[in-house]
Each structure stands twice: as C-alpha cells, then as structure tokens.
K.L.:
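Here's a structure for you.
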Amino acid sequence: MSESWTRREFLTRAGVAVAAIQTFENLDPCCVFAADAETAREDLFELKPVADGVYAAIAAPRYKVNCNAAVILTDDGVVVVDSHSKPSAAYSLYRQIQGITKQPIRKIINTHFHWDHWQGNQVYAEASPGLEIISSERTRENLTRPDAGAGGVAYIEKQLTSVPKEIDKLKDDITRATSAEQKARLEGNLLQAEAYLEELRQMKPALPNRTVATSMTLNERGREIQLLLLGRSHTDGDVFIYLPKEKVVASGDALIDWMPFLNDGYPEDWVQTLNALEKFDFTRVIPGHGEVVPKDHLAFFRGYLAELIAAVKQAAADGASLDEMKRGIAEQLASKYERAMSKYPLGQYRDRIGLNVEMVYQKVVKKA
Ligand SMILES: [Zn+2]
Ligand SMILES: [Zn+2]
C-alpha cells in the first residue's frame, strides 16, 4: 500500500474490492468484476511493456501479497506466467489483458508452488476451455503434497485456519493503535484479510495439467518460449521462463527485487542455479516481486545469498548462538545490502534478515 494514500482513499478502494468479492459466489467469472474492474486493476497491478508483445504485470506491494505476472502475446493466444494469490487478482489482470488483445489465454505457467503464484489459476481455467496449466513435475507434486511448505492445496486449508486468527489479531491491534495513521493502515490490512478469507473459502484450485521434467521449448506461433529447469533454488521445482529473441527472463521468486524467502529453498544450490541462469543471453528480468530489473541484478542477489551463507558458516564455526548470528550478520551485511533490499514497503532487509540467517543455519550448517 502506498504510504501517500489517505485512509479514505484506501478504504474506498478496499471497500469496492470487498463488495465485489461478496458477489463472487455462483457467478460466472467472466462477469463478476466488470463494475469495479477499473478501480481494482489500478489498485493491484501496473502493466508495463518489456518487449514487443511482452508485458510485466507489476503487483502493488500490498499486505495480502500478489506476485508479478508476465504476459506474453503470441500469434494464436496469450501465455501468462503465474496467477497471483487469489481469483479476484487474476481476474483483474485477465481484464487488462483483454484490453490489449482479443486472443484467448492459451497457457498459464506456474513458476513454483507458493500460494501467491498459483491460487488465481481457476479464473483462467474457467475463462479458457482447453487451457494448459504448465509447471515442472516437482511443482505439480508439491501442489498436492500435504507438507510442501508455503503453497499447494493443503496450504489453502492451513490458511483457512490461520487467516481468521490473523483477522482477530488485526482487530486487536486496531484497538491498541497509537496513531490515526497506524490505525488506518491496520484497518486497510483488515479489509484485505477479510476479503482474502472470503476468496479462500470459495477457491476451486486449478492444478497444472501439463508438466515438464527438463528444460524444453514451447514453439508458440510467432514466439519461442523456453522453460528452463536449472536446479533447486527458491524451491525444488522452480522454472525460469526465457524468451531468447527478446532477451527477457521471468524468474518467479528465484530472483526477486525483495529479500529472498528461504524457508522452502536450497541456499547453496540456489547460488549454483543462478550461475547457470547467468550463462543465458538476456538483458532484463521480470522478477516474482518488485520492478523489472536488469541482468546485473542477478549478481547482486546471488552475492547476497553467497555472503549470507559464508557469514552463517563462519559465525557457527566461531560458536555464535543463533540470536548472536542474527544480530551480528544483520549488521555485517547491512552496508552492502540493506538499502537495495528495502526498496518497497514489503520484503525489506530488516524484516527478513533474521529468518534468512535462521534458515541458512538450519539448511546449510545443521542440514536439518
Ligand atoms: Zn512470491
Ligand atoms: Zn515463492
């Protein structure tokens, strides 16, 4: 949420979204959000051209996160990479795509199994009979495993338990707010959480119906789209979408403009996977979160991971406790990484460094 929004502006926008979601049930997705589409889409995404016929749908940083999407036009249909956290967001982007082409959506590619990248699949599946939903084999498995991590069908059930608690906490926090600004922000978050819960309750998960086990090329009419499986990184099933002619990569969360999320990741493999990606000829990256970045962001992001791993290993060898590591490494890496990893209201350096340290300690040092 933009800090510059007034409370009234925010509540007006969020209120429209809530009203729309309450009417979602029992309606064909083609017609549900028409009345508010203008408001909702400006609120959620900005569609930015990246190459001829290739767009980045850059998600507004909101409390209930959406991922970015890549929109790739071909001569006989549209390919969309990732589908956000909820059907209303996917529908909002679907309407925007209809504004630039009358071609149907032919394919959705899910870069990985996390909740904020696939829970909108159903909108495209309902709107486009015959839609292919493509992922890696491993991502398809993760989507149906009970214990895969922060995504998949089982995670929807978990959220149906956790989000009501989150809502209760937000209500409680609102009563204790110490400033009008803080209260307005919490009230905005509460509206998002309540609307999100409604969508979770009505969700009809649409899973990938085509999987790939190794890198391959989709020869769409007028467009070559490569799916690159380069090893484990942010998850064990990440796919990079590479357009060789346009020199563009859509990277999911394996390369983002926020601090990375390591909980389902493989820190040391991740560095190697980014090395492999770097060998391809591209100039720009549509990341899973944040703005479109130039290729050299890869080296910066990989540098953070590599230095984090080295720092945790060293601190562990020196006998530091986990709390000492968190504090010490946060300071040690701040001069190089804090500013550039804190460009947006979400996913900032200080919000994630402690958990990143802990995850590397568990995964690399303790090998839990
Ligand atoms: Zn994400
Ligand atoms: Zn992710």
Side-chain angles (χ1 to χ4, degrees), residues 44-45 56-71 80-87 89-90 93 108-121 134-136 138-143 145 147-156 158-159 192 196 199-200 205 207-208 228-241 249-267 269-270 273-274 277 285-293 297-298 301-302 304-305 341 343-349 351-352 355-356 359-360 363:
L44 291 173
F45 299 103
I58 301 297
R62 287 164 58 95
Y63 170 72
K64 277 295 164 199
V65 170
N66 281 302
C67 68
N68 294 336
V71 177
V80 179
V81 179
D82 284 341
S83 70
H84 324 304
S85 61
K86 50 188 183 285
L93 180 57
I108 297 292
I109 304 168
N110 292 134
T111 57
H112 64 295
F113 75 97
H114 281 160
W115 64 285
D116 53 318
H117 292 254
W118 78 278
Q119 288 183 173
N121 281 2
I134 305 173
S135 75
S136 69
R138 188 59 182 163
T139 289
R140 177 71 169 75
E141 287 167 18
N142 285 335
L143 285 167
R145 274 173 53 201
D147 57 347
V153 175
Y155 194 71
I156 294 173
K158 284 183 194 154
Q159 291 174 94
Q192 288 183 43
Y196 181 65
E199 293 207 53
L200 280 176
L207 296 173
L228 304 177
L229 282 71
L230 302 175
R232 301 189 300 188
S233 55
H234 174 65
T235 71
D236 56 3
D238 305 278
V239 171
F240 297 96
I241 289 76
V249 168
S251 59
D253 288 352
L255 178 54
I256 59 175
D257 199 21
W258 293 2
M259 284 284 272
F261 175 73
L262 273 68
N263 294 41
D264 300 322
Y266 298 81
D269 295 30
W270 199 334
T273 299
L274 290 172
L277 178 65
V285 178
I286 302 170
H289 300 280
E291 295 287 337
V292 174
V293 289
H297 182 70
L298 184 154
F301 185 87
R302 179 186 54 200
Y304 168 73
L305 289 170
M341 288 286 202
K343 291 190 202 122
Y344 310 95
L346 297 173
Q348 295 194 353
Y349 181 84
D351 299 337
R352 290 200 172 173
L355 189 56
N356 278 1
M359 286 298 131
V360 171
K363 290 164 187 280

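Counting starts at 1 for both ligands and their atoms, following the listed order.
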K.L.:
Taking 2.8 Å as the cut-off, does His289 contribute an N, O or S atom near the Zn ion (ligand 1), distance below it?
P.N.:
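Short answer: yes, at least one N, O or S atom is under the cut-off.
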K.L.:
Is the distance between the ring centroids of His114 and Phe261 under 6.0 Å?
P.N.:
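Ring centres of His114 and Phe261 closer than 6.0 Å.
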K.L.:
Looking only at side-chain N and O atoms, does Asp264 offer a donor or acceptor that is under 3.5 Å from a partner on His112?
P.N.:
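Judged by distance alone, the side chains do not pair up.
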K.L.:
Can you tell me the N, O or S atom of His112 that's nearest the Zn ion (ligand 2)?
P.N.:
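When I compare the N, O and S atoms of His112, NE2 is nearest to the Zn ion (ligand 2).
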K.L.:
Using 2.8 Å as a strict upper limit, say whether an N, O or S atom of His114 approaches the Zn ion (ligand 1) that closely.
P.N.:
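Looking at His114, which is the residue asked about, there is no N, O or S atom under 2.8 Å from the Zn ion (ligand 1).
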K.L.:
At less than 2.8 Å, would any N/O/S atom of Asp253, backbone or side chain, sit next to the Zn ion (ligand 2)?
P.N.:
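Of the N, O and S atoms in Asp253, at least one lies under 2.8 Å from the Zn ion (ligand 2), which means yes.
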K.L.:
Can the ring centroids of Trp118 and Tyr155 be said to lie less than 6.0 angstrom from one another?
P.N.:
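Ring centres of Tyr155 and Trp118 not closer than 6.0 Å.
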K.L.:
Heavy atoms only: give me the nearest Val153-Pro205 pair and the separation to one decimal.
P.N.:
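Here Val153 and Pro205 meet closest at CG2-CB, 4.3 Å.
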K.L.:
Once rounded to 10 degrees, what value does the angle at the Zn ion (ligand 1) take between OD2 (Asp116) and NE2 (His117)?
P.N.:
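Vertex at the Zn ion (ligand 1): approximately 90°.
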K.L.:
Considering all heavy atoms of both residues, which atom of Ala89 and which atom of Asn66 are nearest to each other, and what is their separation?
P.N.:
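What the structure gives for the nearest pair is CB-OD1, 3.4 Å.
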K.L.:
Taking N, O or S atoms only and a limit of 2.8 Å, check whether Cys67 reaches the Zn ion (ligand 2).
P.N.:
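Given the 2.8 Å cut-off, Cys67 does not count as a ligand of the Zn ion (ligand 2).
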